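Note that these values count all heavy atoms, side chains included, but never hydrogens, waters or copies made by symmetry. Bear in mind that the values here come from a model prediction, so they are computed numbers and not experimental data. Note that ligands are numbered from 1 as they come in the structure, with each ligand's atoms numbered from 1 the same way.
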Amino acid sequence: MTGFVDKPEPVQVSGLVHVHTGKVRDLYRNEAGDLVMVASDRVSAYDWVLPTEIPDKGRVLTQLSLWWFDQFADLVPNHVVSTELPPGAPADWEGRTVVCRPLRMVPVECVARGYLTGSGLVEYQESRTVCGLALPEGLVDGSELPAPIFTPATKAEVGEHDENVAYEEVARRVGADTAAELRQLTLAVYSRGRDIARERGIILADTKFEFGWGPAEDGTDDGERLFLADEVLTPDSSRFWPADEWEPGRPQPSFDKQIVRDWLASPAAGWDRHGEQPPPALPAEVVERTRARYIEAYELLTGTRWS
Ligand SMILES: Nc1ncnc2c1ncn2[C@@H]1O[C@H](COP(=O)(O)OP(=O)(O)OP(=O)(O)O)[C@@H](O)[C@H]1O
Ligand SMILES: [Mg+2]
């Protein structure tokens, strides 16, 4: 299974070499050797990249990530080099393009959870653990955990599910020191983000970070260090819940593509997500409500108007 209903063609820009088409982002390399990361308006759900785009989503994800990178600058260095458009790039890349350090990505999805839901809830219901970590009795869907936990997963190819793994497995794959550093950074960044979001009426239930190795800042020594990369605390990488509607014991309303998932799972879509057929196009009304949700998240979190 490919995962893409229509796989997009890379854009030809002189001086840029296309290196990767992700579910949401397209990566190019510029002549200086940096990566040019362009966030598209693509949306994925149920392991498919859908045939319909959500206008402005790429710009919202990019601007929100840049805002968060700044909030965390004292905790961890990040991959951003500049937000200048490469010469010759299409004008519509404006606002959704980041020139970044090419990193050796750590092959671990660094997930932090402060609340129980999703795959964490499923594991908890079976074993009272999440990623092998013991949790207290009596937690339900949406419960706040006693303290945030690091629940790593292994990165899957397009069309496959990420898989939760125990901390020991991460240590085995990347070494004990790196595992410890990933856990410490993940929990520090999550905790700061959770506190900022909470002040703005949003619960940051859980999130996924990606880190990569790169040469230390000034390049003068040959040591490498970890950088925060990819996207950070966006509705695609996180679960955001409106704090005033939070009510453990049921699924929480969220600022993300839940609207898309719900529609795809509804009879109106006429689609079997366990079947072989690709998902159908989204109706305009679902597109508009999803777009509004992403913009609302951006405005609430950053405290600035979307323009
Ligand atoms: N600084 C960086 N250096 C190298 N690769 C990076 C850097 N930042 C992000 N990446 C990689 O770029 C890709 C971004 O594409 P996209 O977000 O569409 O990802 P994906 O892996 O297809 O999907 P998902 O994010 O759902 O796992 C990812 O593979 C990510 O690991
Ligand atoms: Mg990604």
_Would you compute the distance between atom CG of D272 and atom CD of Q277 and round it to the nearest 0.5 angstrom?_
9.5 Å

*Proximal ligand 1 atoms for V24, defined as those under 4.0 Å from one of its heavy atoms*: 18 (O)

*Got an N/O contact under 3.5 Å between P102 and ligand 1?*
no

*Is there a side-chain contact between W241 and I202 (heavy atoms, below 4.5 Å)?*
no

*asked:* The criterion is salt bridge (Lys or Arg N to Asp or Glu O under 4.0 Å); which residues satisfy it with R291, sequence neighbours excluded?
replied: D56, E288

_Atoms in ligand 1 flagged as close to M105, the criterion being non-hydrogen separation under 4.0 Å_ = 2 (C), 3 (N), 4 (C), 5 (N), 6 (C), 7 (C), 31 (O)

*Do the side chain of R128 and the main chain of Y124 share a donor and acceptor less than 3.5 angstrom apart?*
yes

*asked:* Under 4.0 Å, heavy-atom basis, I'd like to know which part of L35 is in contact with ligand 1: side chain, backbone, both or neither.
replied: side chain

*Distance under 6.0 Å and angle within 45° of ring axis: R192 vs F72*: no

*What atoms of ligand 1 come closer than 4.0 angstrom to any heavy atom of A229?*
1 (N), 8 (N)

_Judged on heavy-atom distance to atom 25 (O) of ligand 1, which of R101, K208, R42, K23 sits nearest?_
K208

_As a check for students: among D236, D230, D34, identify the option with a heavy atom nearest to atom 8 (N) of ligand 1._
D230

*asked:* Is it the case that the ring center of H20 lies less than 6.0 angstrom away from the ring center of Y28?
replied: no

*Nearest neighbour of atom 15 (O) of ligand 1 from the list R25, E231, R104, on a heavy-atom basis*: R25

